[in-house]
Every structure is written in C-alpha cells, then in structure tokens.
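Data first, discussion second: the structure below is written as structure tokens.
Every number for a ligand or one of its atoms is a count from 1 in the order of the listing.
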Amino acid sequence: MCSIIGYKGKQSAAPILVDSLKKMEYRGYDSVGVAMINEGGMLVRKGTGKVLEVNKNLNISGMSGMIGIGHTRWATHGGVTDSNAHPHSACNKSIAVVHNGIIENYKELKKELTEAGHVFTSETDSEVIAHLLEVHLAKGIKDALIATCKRLQGTYGFVAVFQDGTIAGARYEEPLIIGVANDGYFISSDVLGFLQYTDKAIFLDNCDIAIIDSKKMEIFNFDGTPVARPITQVAWELGEIDKGKYAHYTLKEINDQRLTVAHAAQQDEAVMGKFCEILKNAGSVYITGSGTSYHSALLFKHMLARFAKIRAETVMSSEAHDGLASVDDGSVIIAISQSGETADVLESVKVSKKQGAKILGIVNVTTSSLARISDAFLSTNCGPEIGVAATKSFTGQLALAYAVTDRLTEGKLRAGEAAEFVAAIEKVISTSQPVIEKMAADMKDVNDIYLLGRSIHYPIALEGALKLKELSYVHAEGVAAGELKHGPLALMEKNTLVILLAPHDATYNDSISNAHEIKARGATVIGISNIKDDIYDHWIEIPHLDQEAFYPIVEVIPLQMLSYYLALAKNADPDYPRNLAKSVTVK
Ligand code: BG6
C-alpha cells in the first residue's frame, strides 16, 4: 500500500506534505514525490528512497505554493525507479495524480491511450489515471473524474491536482479521508496524514468523489449525485507518534506493552456486552486475519474452545474464498486487523456479510474500514503502531481474546486490567533485554531458526518466526512441536538453532522430550520457560504464572526483542523492513 496526501489552503503546502508523508511512511517507503501548483505552474519532484533522504536531495519542502499532492510508494507494478515514483502527469503536464491500490485493467487502458497518442513515462498501473483525466478534461473536472472512475477496474484511492489549483480525490475499496482545517483542506489515505493540523475528518465511502476548488468542497458519487458525509472528530492521541527516548518505533512499541496490555481490558461495557452476546448466539464461529493478526486468531480459538466451549474455525483471510464458503446467516465472523484496512480481511468480511453473517471486529484503528463495517468492534487501545512489524497490537489482541473469554465465562480467566500477565510482561521487558541483546549479537550469522511450541504455544512459535523474518530477514519456521518427528527432525543437525517454548504447563514434559530429541542430533536449543533445564544451551527466563493460559502473551515478548536486536546486529532497519508495509490494502 502507498500513502497519498493532498493539501489546498492558506499555508505553504510543501513542508506540510513532507511532514504528512513522513508520518505515513509506514505505508510504503520505496519512493517519494510531490506535485505543487505555484506561480510557475505545476512542478513535480520525486525520487527513490525514504522521505527525509529524498527531501534532502530534492529540497521538496523548499518548493513554493499553497496547493499540492504527495505520495510514498510501496511498489506493486514497475520497479523501484524515479520514473515509477508518483506523482504521474498527463501529457500536457496540467494534471498530476498520486494513487494507492491496483488498477487491474491498466494494460488495456494503456494500450488504448497509447494508440490515441498518449506517451507513458512509467511502467506503473497508476499512470493511466492521469491520462484518462486528460482525455475527459474538456468536459470539466467533475465529469472527467466520473468518466475516469467508470473506466477503472481494481482498487483505488487517488488524489489529482489540476493546473487551475483544484484538487480532487476518488475512492473504490481503498481508504480516503478529507481533513477539514480552519484554513484549508486535506485529502489523505490515513488520518495520520493531517491529524497534526485538524481532528475533523470526513471518511469517504466507496464510490465517492470529492472536489476542492477555489470556492468549495463538494462530494458526489460515481453518477455525479451529491452525497452528504458526516464530519467525525478523531481522537488527537491517534496522532501521538513520537519515538520518545527510543531509537526505533519498534523498540518503543515493545516497551509500550508494559501498559498497553492492561488498556486492552478497558472496554466499553455495552460494546463488550453486545460483542459477547452476538458471539454466544452464533450458529457457527469463524476467526480470520492476516499475518500477525492470524496468529491471534489461532490463540483466540484455543481460548474459546478450552474455557467457553465455543468451537471456532480459524481462516487465513487470504484463503477465505474456500475457508468461509460455508458461512451463512447464523454465522459470526471475528475479523482481527490492527489497521482495519488489510484488503484480504476486508474482502473476507464483505463476502461473509453478503452470505448473511454477523461481523465482530477487533481493531486498533477505530476509524478504520473494518470498524465501520462491523456489527460490533472492540479496540486493542494500544495507540498508534508505526513499526511495520506488529508488536503491541499483537499482545493487545491476545489480551482482548482473554477479556472476551473471561466475559463469556463469568471471570474464569481473571483477565481484567490487573491480570497477572501485566506484571509478568513488565518483569520480562525490564530484565531480559541485556541477555537477549547479547544473544542476538552472537546469532548474527545464523541463517535458519526453528521455533517449537505445543498447543497454545504453537501460535507463538509462528508469530516469533514471522517477527524474525520481518525484522532480521532470517529464514525462521514455526513448528508444532508434536509434528517434529513427522519431518522437521530431518532438518536438525550440528549447530541448527532451535527456540523452544516450554513454560511449565501441561505441554512441558512433551516439549522437554522434544528438546532431548533435537539435542541428540547436535542442534543448539534456546529454552523460553519459567524453569531452567540443563538441556538448554541458553535459557530465557519468563515469570511463573498461575493461569497457564497467559503464558503466550508473556513468552512472545522475548521473541519480539530477539528479532529487534538481531535486526540491529544485521544492520537492518527495524521500523521499515525491506519490501513490507504496515498493512497491505491491495490483494
Ligand atoms: C502486514 C504487517 O503488512 O500486515 C504485519 O507487516 C501485519 O505486521 C499484517 O500483521 C496484518 O495487518 P493488520 O493491520 O490486518 O493486522
């Protein structure tokens, strides 16, 4: 996904656009670009790299003018090059466009436009939008936008700027939000793009087009019919994205968990009641998500089965086509997504809704598309998460899974704000950092890591492996420890590195047997447990917990920290891992 922003107001636009793009850079960081309207006409500056670097090279914030658009790219079509960077201009250089999404029929449109004499300067799908607008501009900006949207297939949020100073945007399946400030307007893919300037937001619906010209701002649908959209007051704290004393957002967000896991238990009584009521009365339950959120779904399933005797099926959102085929009007879908904008999650929810299902959302961004289409949603309340690899949102999702299960079982789990895992997480964060930082330094030349876990620890083995892949680019694999002898044991040899999740619970003895089987093949074992065992080459201690079901939310912390410090040991950027984005709004 990319970040897009437009500004038209009374202030100098370029510094504002650069600041907004910096705040939204977690959405994509392959290239940066802006188009400004000033006394010299339309001026475009763009290049590959991250915002601060490109701004330094091209002095974007020094450009003049009070009207402009900007973009940071997460490449989908066309390599990471200056010419593929956005904005893209029409042939007559009187229109420039920034786009987030994928235009699926761009090849046929490009062929048609090229045959009509248009000259393309990039390999991207997005450039067709600028040329289509140019083709129809004689009809006026409004009709040009309508005609263009009617030709596009795929998903898009785009913002265009025209020679006369008008900015406009249109959305189909990608988020687009208008920021209403005292001295101007913003159009952005994310409230973070303008929250520093205004908390008044208008969330455009699907098939909405907005035009902001010198006189007014108007919104209409793809047929040209004016539509009214409410102004929503967005919580300022959503904009509080300062790293504070930490070197990286990821390290800050790992440390934030000392507090955020308790925040997740602070839910509105009525909303929690409605959420649980819908769940209790479900004919069938499915839990879906992508990436880290899918791993939360796996643990949530365990909690519902073990304590609330509710059978739930977990479905990876990208596999929902088949996984949710049997959904019907008695079904309830719990959709988990930090951003609430991941395309596969939204797609699976939309398909299920069409089949009559009820949607229960678990989000961190309460203004997100998922929150808005859910019948009820709960927030992990962990504040903005900027590091691309999910950390505090994951433990927030687990804390919510505990809180919901607790509610469904009249407090069987004792998972309230003061649950024992809160203190345990505080202890792990404050004690294990030096041990883990040293361990990471010793591991910097390791290429393969296997993480083993049984039962409720298996989702954590998967999550740990994902963190190692995302942050330190190491091939890491989460393995259900009970499956070891059915294949993965063949990979075990001298110096193979294995991390074993073995808290002292019902899975302990079997997990320690696995450790012996692995050691017998010469592998190196790192044990994460509340008790030491001689079989470990290295031991990462976690506190004892009376409620064994809480071990997953604690044992994941050392894995987050190990991935962070291994990234540093390998000179990788923990906040902006290569080739990834904070949430993927394209399929
Ligand atoms: C990926 C992020 O793009 O999306 C992961 O890099 C995240 O960290 C995944 O887990 C799912 O995102 P979300 O917002 O739907 O939870």
Side-chain angles (χ1 to χ4, degrees), residues 1-3 24-30 74-76 100 174-175 189-190 192 238 248-250 253-254 264 287-300 314-320 333-350 359 361-371 373-374 377-380 382-398 400-401 459-460 462-473 476 478 556 559-560 563-564 567 572-587:
M1 87 179 162
C2 306
S3 66
M24 298 193 286
E25 192 162 35
Y26 68 160
R27 300 173 62 95
Y29 29 92
D30 290 325
W74 186 61
T76 57
N100 171 36
E174 298 290 349
S189 40
D190 190 320
L192 279 181
L238 276 184
H248 296 98
Y249 286 111
T250 305
E253 288 153 8
I254 289 173
I287 316 177
T288 191
S290 299
T292 291
S293 296
Y294 175 67
H295 298 148
S296 308
L298 293 173
L299 189 96
F300 203 167
T314 48
V315 179
M316 224 176 253
S317 297
S318 53
E319 294 295 325
I333 312 295
I334 302 176
I336 307 179
S337 173
Q338 185 282 134
S339 62
E341 300 294 352
T342 298
D344 288 322
V345 177
L346 294 177
E347 174 80 8
S348 59
V349 160
K350 284 176 187 144
I359 309 300
I362 291 188
V363 298
N364 189 41
V365 182
T366 54
T367 54
S368 63
S369 303
L370 176 58
I373 55 178
S374 294
F377 75 88
L378 298 173
S379 169
T380 46
C382 62
E385 187 176 65
I386 304 299
V388 166
T391 53
K392 61 179 180 176
S393 64
F394 180 61
T395 52
Q397 290 162 356
L398 300 192
L400 257 181
I460 305 305
L462 293 171
E463 176 57 13
L466 179 62
K467 288 283 114 19
L468 286 165
K469 288 173 197 157
E470 284 177 308
L471 290 173
S472 54
Y473 314 148
V556 73
L559 296 172
Q560 295 169 346
S563 307
Y564 170 77
D573 179 339
D575 285 347
Y576 303 106
R578 68 186 183 206
N579 308 340
L580 298 180
K582 182 64 191 165
S583 116
V584 179
T585 62
V586 290
K587 290 187 57 140

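S583 and E341 form no side-chain donor-acceptor contact under 3.5 Å, judged by distance and modelled atom types alone. For the residue pair T391 / Q560, no side-chain donor-acceptor distance below 3.5 Å is found, with atom types taken as modelled. When only modelled atom types and interatomic distance are considered, D573 and Y29 share no side-chain donor-acceptor pair under 3.5 Å. With 3.5 Å as the limit, one finds no donor-acceptor pair spanning the side chains of Q338 and S393. Between the side chains of K467 and T292, a donor-acceptor pair is found at a separation under 3.5 Å. S317 and T288 form a side-chain donor-acceptor contact under 3.5 Å, judged by distance and modelled atom types alone.
Residue contact check: T292 has heavy atoms under 4.0 Å from atoms 10 (O) of ligand 1.
At least one N/O-N/O distance between A390 and ligand 1 falls below 3.5 Å. Every N/O-N/O distance between Q397 and ligand 1 stays at or above 3.5 Å.
Taking atom 11 (C) of ligand 1 as the reference point, the nearest protein heavy-atom neighbour is S290 O, 3.4 Å. In this structure, atom 2 (C) of ligand 1 lies nearest to the protein heavy atom K582 O, 3.3 Å. Nearest non-hydrogen protein atom to atom 12 (O) of ligand 1 is T342 OG1, 3.5 Å.
From L580, atom CG reaches atom CH2 of W74 across 7.5 Å, with rounding to the nearest 0.5 Å.
Under 4.0 angstrom from ligand 1, the non-hydrogen atoms of A581 all belong to its backbone. Contact annotation for E470 and ligand 1: only side-chain heavy atoms (C-beta onward) come within less than 4.0 Å of the ligand. At a heavy-atom distance under 4.0 Å, atoms from both the backbone and the side chain of V388 approach ligand 1.
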